[in-house]
There are 2 protein chains.
Amino acid sequence: MVIPKVEDYLKTIHRLQDRDTQVAPSAIATAMGVQPPTVTAMLKRMHDDGFVDYERYQGARLTTRGEKLALETLRHHRLLELFLTEQLGYDWSEVHDEADVLEHYISEKLEARIAALLGFPTVDPHGAPIPTVDLKVRHDAGQQSVDQFDEGSLVVVSEVRDNSPDVLDYLTEVGVRLGALLKVIEVAPFGMITLKVRETDDQFSLPSETASSIFVTQFDATSTSESGQFSEVH
Amino acid sequence: MVIPKVEDYLKTIHRLQDRDTQVAPSAIATAMGVQPPTVTAMLKRMHDDGFVDYERYQGARLTTRGEKLALETLRHHRLLELFLTEQLGYDWSEVHDEADVLEHYISEKLEARIAALLGFPTVDPHGAPIPTVDLKVRHDAGQQSVDQFDEGSLVVVSEVRDNSPDVLDYLTEVGVRLGALLKVIEVAPFGMITLKVRETDDQFSLPSETASSIFVTQFDATSTSESGQFSEVH
DNA sequence: AGAATGAATTAGACACGTCTAAAGAAAAGG
DNA sequence: CCTTTTCTTTAGACGTGTCTAATTCATTCT
């Protein structure tokens, strides 16, 4: 009933709840930017409202109901991000904060209109899957973060899991966008990775922390890719 | 700092504050659907925050700061209404509630993008003026509510000040939309007015309460109207 | 196992926005 | 002008969401 705040907590728990582990209150507190007692209080109420399984000192886990609301919110978020880029001229670095607010306030009707206008899209501007209207999420099984590849690998950018405008602007500047073809030049042991963008021949380095948020698939010249201009391999 | 609720109160006070009269707390309470003590408490805080002039038992009046925020919110509201009709396929009867929520949450950047996409519009889907980016409101001096006209008058619909979806749907059904040409058939003394829509020849009656929310201008065949199909007078 | 450490919870507070019940001020009516 | 009515305010409460300080629980280390 408290919609916006509860949705934020549910989104956070959903994100932290990789597989069926219990999520620690401290992790939620850090992710939400609040103090631990605030989390305890919220978990109690969300448990009373049936959004999470929670017993003291046992951490929290989404119920079916909680997961449903988390995914509904995530669908709103990603549809809005795409809407802002496609229809309002936003850059992918600008959409997160705006969508993070609006996701709580658009009606189901508006959600449906936006989805229809965009042609029932499946991925947002960062390459993340948009939950379907019945809240299924299709994970891209083939992708891995770019730091998992060997030097010399040729890869295609499929998703960037970083909301920081600065990082996204930097990536845009060096030519890293969805569908871009990258070559892994060097993977240094001290946490630095050097990449080259095929299109521009720009070469640049990233801390592996950032590289781990760039997801790619092995380049396959025979695959049906829209990046036709990259099909001649270096 | 409390943005959404304060904006709602400021919008209400702005609407009630016809000319420079003090607005009575009871009027605000009725309009906002809350109890009088709630209004007293809010007025105190809004006064402390500089949004209204308020002293006990004296009613409230917007300060320059309060009016600015009210008009900013009104601009958001009307831009959103137009955006929803123009871009998302909403009907004029559907936009009010959605805009009433979203108006509090769109950023200045999004406001600007929407305004640009719509070509810097001056009126919303109900014909109400959209405050400009520097928050000036151009009132249509020529318009009057349709119940002010004599029988036989030929008028053009310029604004409908009613948010009820039922009323708006009914008006759509009988052909009353912005720019429609109406003839005043009968003004009954017991509060009923009968109109005929020029385009469809549909004739219908309205309680004068509803008629008083339909604003029109005297039809002038020489005026630069887009309703060219109505130029042959009955 | 007992002690130290760290995480989680309880206790108590506060601002917001709302309520009901009661008291006080202003306006209207005789 | 005094009384009655109506409007407004005060008093006290509650749920939400947050905090700090203190306590309790769980875990880890010697």
Side-chain angles (χ1 to χ4, degrees), chain A residues 1-18 21-62 65-66 69-70 73 100-101 103-105, chain B residues 1-18 21-62 65-66 69-70 73 100-101 103-105:
Chain A
M1 34 217 61
V2 216
I3 328 168
K5 276 292 147 182
V6 168
E7 286 176 352
D8 279 338
Y9 278 91
L10 293 177
K11 270 205 316 176
T12 296
I13 296 169
H14 180 263
R15 181 161 48 80
L16 297 174
Q17 184 183 290
D18 248 345
T21 50
Q22 311 281 114
V23 179
S26 56
I28 300 171
T30 303
M32 295 284 300
V34 299
Q35 296 301 315
T38 306
V39 174
T40 302
M42 281 302 295
L43 289 179
K44 242 177 236 167
R45 288 201 294 104
M46 291 196 291
H47 173 257
D48 291 347
D49 293 344
F51 292 116
V52 294
D53 288 332
Y54 166 69
E55 278 176 276
R56 27 202 253 323
Y57 296 104
Q58 296 306 126
R61 181 190 298 178
L62 296 180
R65 175 139 179 262
L69 188 48
T73 307
D100 234 26
V101 176
E103 64 185 6
H104 305 299
Y105 302 106
Chain B
M1 37 211 60
V2 216
I3 329 167
K5 277 292 146 182
V6 168
E7 285 176 352
D8 279 337
Y9 278 91
L10 293 177
K11 270 205 315 174
T12 296
I13 296 168
H14 180 262
R15 181 161 48 81
L16 297 175
Q17 185 183 288
D18 248 344
T21 50
Q22 311 280 115
V23 180
S26 57
I28 300 170
T30 303
M32 295 283 302
V34 300
Q35 296 301 315
T38 306
V39 174
T40 301
M42 280 302 294
L43 288 179
K44 241 176 239 166
R45 288 200 295 104
M46 291 196 294
H47 174 257
D48 291 347
D49 293 344
F51 293 116
V52 294
D53 289 332
Y54 167 69
E55 278 176 277
R56 35 203 245 322
Y57 297 103
Q58 296 305 126
R61 181 190 298 178
L62 296 179
R65 175 139 179 262
L69 188 47
T73 307
D100 234 25
V101 176
E103 63 185 7
H104 306 298
Y105 302 106

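The analysis underlying the following values was restricted to heavy atoms, covering all of them including side chains, and did not include hydrogens, waters or symmetry mates. Chain naming here is simple, since letters A, B, ... match the order of the sequence lines and numbering starts at 1 in each.
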Euclidean distance, E7(B) CD relative to L69(B) CG, rounded to 0.5 Å: 4.5 Å
How would you label the contact of T40(A) with the nucleic acid (heavy atoms, under 4.0 Å): base, sugar-phosphate, or nothing? base
Taking only N and O in the side chain of K5(B), is any of them less than 4.0 Å away from OP1 or OP2 of dT18(C)? yes
If you round to the nearest 0.5 Å, how far is CG of L62(B) from CG of L16(B)? 10.0 Å
Atom pair NE2 (H104(A)) and NZ (K5(A)), whose distance is rounded to the nearest 0.5 Å: 7.5 Å
Determine the interplanar angle of the Y54(A) and H47(A) rings, folded into 0 to 90°, and report it as parallel if under 30°, tilted if 30 to 60°, perpendicular if over 60°. perpendicular
Return no unless some side-chain N or O of Y9(A) is found under 4.0 Å from OP1 or OP2 of dT18(D). yes
Produce a footprint string for nucleotides 19-26 of chain C: one letter per nucleotide, 5' end first; B if the base is under 4.0 Å from any protein heavy atom, S if only the sugar-phosphate is, - if neither. BBB---S-
Taking dT18(C), dA8(C), dT9(D) as options, the one with an atom nearest any side-chain atom of P25(A) is dA8(C)
Closest-nucleotide mapping onto DNA chain D: is G59(B) or M42(A) further toward the 5' terminus? I mean the 5' end. G59(B)
Do D100(B) and K11(B) sit within salt-bridge range, that is, some charged N less than 4.0 Å from a carboxylate O? yes
To the nearest 0.5 Å, tell me how far I13(A) CD1 sits from F51(A) CZ. 11.0 Å
